[in-house]
Amino acid sequence: MSETSVPSNFIREAIEEDLRTGRYDRVHTRFPPEPNGYLHIGHAKAICIDFGLAEAFGGKCNLRFDDTNPVKEDIEYVEAIKEDIHWLGFDWEEREYYASDYFEQLYQWAIELIKKGKAYVDDLSPEEVREYRGTLTEPGKESPYRNRSVEENLDLFQRMRAGEFPDGARVLRAKIDMSSSNINLRDPVMYRILHSEHHRTGNKWCIYPMYDYAHGQSDSIEGITHSLCDIAYEIHRPLYDWFLDALEIYHPRQIEFARLNLTYTILSKRYLKQLVEGGYVSGWDDPRMPTLCGMRRRGYPPEAIRDFIERVGVAKNESIVDVALLEHCVRDHLNKTAPRVMAVLNPLKVIIDNYPEEKEEQLEALNNPEDASFGTRLVPFSREIYIEQDDFREIPPPKYFRLAPGKEVRLRYGYFIKCVDVVKDPQGNIVELHCTYDPETRGGYAPDGRKVQGTLHWVSAAHATDAEVRLYDRLFNHPDPDSAEEGKTFLDYLNPNSLKVLTGCKVEPCLAKAKPGQRFQFERQGYFCVDLDTTDNRLVFNRTVELRDSWAKIEQKKTG
RNA sequence: UGGGGCGUAGUGCAAUGGCAGCACACCAGACUUUGGAUCUGUGGAUCUUGGUUCGAAUCCGAGCGCCCCAGCCA
């Protein structure tokens, strides 16, 4: 086990102690998703912890689908989940397991518990079971069926399996303690009748084990040492231990950690589903979604997500991490890996009056000024170019470094230009600019040493490629959309400007052949990636994340 | 009112009886052919209250606050 720079945490320490004391002599974890939805950034935390810890200790991590509820699960999700885990960079090798693989063993163990007098078939209706359970402050009552004979229980349980009873008619329950202060121990249901086709076992079964009965035993079968899970299961741990002890089988250790929450983000599967089904987003992989497939489409590199999870740390505190940290990690990675390119999102035509009409030249540009290994490229330049509308102000505010009447700026890797005229339409909108250029400043340097404050990105009009650019912003305008005020729901906090589609954007010709998934920095603007909707004659970019913009901050402060 | 868990800068995580530190965010400055990146610097925290101790974020008592548990969901 090589010493990594990853900071320690309480789970790592617990594992180290278990290894030291000999409680376990190896580390084997598992990531146990239920195939009933898509993975999101919250799952990424669990994945990184489960796979990451195993790796750190030279152990293994299994992928196990917790598929004990056929009503909610689907094969569609298992494929998506596998793809997302691989995308994050983790591999379970040949250890792809399913709780449903263990149904027969689980059934045999249930029979064993019945024989030991530790489980019984209950005929109470779901409503009655609830009534008999008691409340948080009052103990429950024992079911009248609680003390059936072993023979009767065996007979009934076998007939449950055989399909003799309709859904909900009976359940198998563990016989523990109806007056326990831990409600999970008040004779929890082990099996329920569900005449439903399972995506893997088909119609072989009509009784299905509950999570509490299936999970620990599945861990045991797989020889898991450390079963890491959400803090919500902490109160289930006595039950996890109870089944394993009652069965007298190999006993893994369950350790719980706090799940991830992000500001301006919703991570509940139910709400995410609502966003998709309500048409508030285009699908599970909408780039505004916190799903891994959404982030992938948005252009978030998996390395950035892993870095983020690492920085968040592992603890038991319930916390809400600032989404700015995630964005920082994304920028940090992309800054090192994304080639730079020029793209004009809101074009403003500029005519360089003293540049010859038919002339055209190729200017050399750096693909990454911070890393020479990215090489250089040639960018065509000509008399008519586009610059960003925001890069010109007829009446420049103080500290505005960009173009204005009479002002001189640098065109990145090009020439110094000076604005000499502003052309407007009858409504007073600026439609084009006339400038002059200084031929001595080719490449962006003035031989006489004069300086300009601003450097603008640009694209030659005649050579530009058209593109559609989708600008994404946070989906919610409330830092904690989940905790809505009275009378409101998370939907009331949807940001109406979370998607802005720009068409007619002008990008460097070298982007014409860009392929879906490729990431770039559009200089001075942000990181963008080529969207899946891109075809041979349609170029679509997604804005992954903006570059930090200190000018926007200055302006914002001035306007209030 | 039962049980379980958690309280450290704005946020997240460290400090495991010995100078409360790191990251992000924020603010100021330097540098800059990206108002990016980078670099430097400033401010800001132990829930409260008693106690033990030479010394407490840490140990003990009391209190307060927040989260979770009453699915035949996971």
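Keep in mind that this is a model prediction, so the values were computed, not measured. No hydrogens, no waters, no symmetry mates; every other heavy atom, side chains included, goes into these values. Throughout, a chain's letter reflects where its sequence line sits, starting with A, and its residues are numbered from 1.
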Euclidean distance for [atom1], [N] against [M] (whole angstrom):
N: B:A14; M: B:U58; atom1: C1'; value: 13 Å
N: B:C66; M: B:G50; atom1: P; value: 23 Å
N: B:C67; M: B:C47; atom1: C1'; value: 15 Å
N: B:U16; M: B:C22; atom1: P; value: 16 Å
N: B:U46; M: B:A9; atom1: C1'; value: 10 Å
N: B:G5; M: B:G44; atom1: C1'; value: 29 Å
N: B:C19; M: B:G12; atom1: P; value: 25 Å

Q | Candidates A:E523, A:R412, A:R340, A:E388 - the one meeting side chain to side chain donor-acceptor pair (under 3.5 Å) with A:H457 | A |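 Exactly one option meets the side chain to side chain donor-acceptor pair (under 3.5 Å) with A:H457, and it is A:E388.
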Q) Nucleotide by nucleotide, 5' to 3', does protein get under 4.0 Å of the base (B), only the sugar-phosphate (S), or neither (-) in nucleotides 69-74 of chain B, counting heavy atoms? A) BBSBSB
Q. Using the benzene-type ring in the case of Trp, are the ring centres of A:Y191 and A:F157 under 6.0 Å apart?
A.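 Ring-ring flag for A:Y191/A:F157: true, centres closer than 6.0 Å.
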Q | Interatomic distance where CZ belongs to A:R331 and C1' belongs to B:C24 [whole Å] | A |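 Answer to the nearest Å: 11 Å.
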Q. Atom CG of A:L185 to atom C1' of B:G2: distance rounded to whole Å?
A.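 Answer to the nearest Å: 14 Å.
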Q | Donor + acceptor pair across side chains of A:Y38, A:E76 (<3.5 Å) | A |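 There is such a pair (donor and acceptor under 3.5 Å, judged by atom type) between the side chains of A:Y38 and A:E76.
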**Q.** Any residue meeting side chain to side chain contact (heavy atoms under 4.5 Å, CB included) with A:S181, in chain and number order, not counting sequence neighbours
**A.**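 In terms of side chain to side chain contact (heavy atoms under 4.5 Å, CB included), with neighbours along the sequence ignored, A:S181 is linked to no residue.
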Q: With sequence neighbours excluded, tell me which residues meet side chain to side chain contact (heavy atoms under 4.5 Å, CB included) with A:L113.
A: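 Partners of A:L113 under the side chain to side chain contact (heavy atoms under 4.5 Å, CB included) test: A:K118, A:A119, A:M190, A:Y213, A:F243, A:A246, A:L247.
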What pairs with [X] under ring-ring contact (aromatic ring centres under 6.0 Å, His included), at least two apart in sequence or on another chain?
X: A:F522; value: A:F528, A:F541
X: A:H478; value: A:Y493
X: A:Y400; value: A:W551
X: A:F31; value: none

Heavy atoms under 4.0 Å, any strand shown: does [X] hit a base, just sugar-phosphate, or nothing?
X: A:P369; value: base
X: A:R340; value: base
X: A:Y213; value: nothing
X: A:K553; value: sugar-phosphate

Q. Should A:K336 be listed as having a side-chain N or O under 4.0 Å from OP1 or OP2 of B:U38?
A.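 False: A:K336 side-chain N/O out of range (4.0 Å or more) of B:U38 OP1/OP2.
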Q. Would you say a side-chain N or O of A:R548 is under 4.0 Å from OP1 or OP2 of B:C26?
A.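 For B:C26, OP1 or OP2 has a side-chain N or O of A:R548 closer than 4.0 Å.
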**Q.** A:K269: side chain to side chain donor-acceptor pair (under 3.5 Å) partners, not counting sequence neighbours
**A.**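 Partners of A:K269 by the side chain to side chain donor-acceptor pair (under 3.5 Å) criterion, ordered by chain and then number, come out as A:N36.
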Q) Paired stems touching RNA chain B, three or more consecutive Watson-Crick or G-U pairs with both distances under 3.5 Å? A)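 Expected stems, ordered by start: B:2-7 with B:64-69, B:10-13 with B:21-24, B:27-30 with B:38-41, B:47-51 with B:59-63.
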Q: Using the ring-ring contact (aromatic ring centres under 6.0 Å, His included) rule, collect all pairs that involve residues 304-345 of chain A, keeping only residues at least two apart or in two chains.
A: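 For residues 304-345 of chain A, and leaving out neighbouring residues, there are no ring-ring contact (aromatic ring centres under 6.0 Å, His included) pairs at all.
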Q.
Would A:R170 and A:F165 count as a cation-pi pair here, with the cationic atom under 6.0 angstrom from the ring centre and within 45° of the axis?
A.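 Yes, a cation-pi geometry.
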Q: Strictly below 4.0 Å, heavy-atom distances to any atom of RNA chain B: list the hits from residues 312-325 of chain A, or just say none.
A: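 Output list: A:V312, A:V314, A:A315, A:K316, A:N317, A:E318, A:S319, A:I320, A:V321, A:D322, A:A324, A:L325.
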Q) How would you label the glycosidic angle of B:G36: syn (within 90° of 0) or anti? A)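 In terms of base orientation relative to the sugar, B:G36 is anti.
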Q: Walk me through it: do A:T441 and A:D438 pass the test side-chain hydrogen bond (donor to acceptor under 3.5 Å, both in side chains)?
A: CA-CA 6 Å; A:T441 57; A:D438 178 352; 4.7 Å; no
Listed pairs, N/O of protein and of nucleotides 29-31 of chain B, under 3.5 Å:
none

(Q) Surrounding CZ of A:R253 (heavy atoms of other residues, nucleotides or ligands, distance under 6.0 Å), is the total greater than 12? (A)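 Counting neighbours around CZ of A:R253, more than 12 heavy atoms of other residues, nucleotides or ligands fall under 6.0 Å, so yes.
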Q. With no angle test and no hydrogens, is the base of B:U34 tied to the side chain of A:Q521 by a donor-acceptor pair under 3.5 Å?
A.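 Per atom types, the contact qualifies.
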Q) Closest nucleotide of RNA chain B for A:H328 versus for A:Q453: which of these residues is on the 5' side? A)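 Its nucleotide being nearer the 5' end, the pick is A:H328.
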Q: Take the angle between the ring planes of A:Y98 and A:F65 and call it parallel below 30°, perpendicular above 60°, tilted in between.
A: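 Ring orientation of A:Y98 relative to A:F65: parallel.
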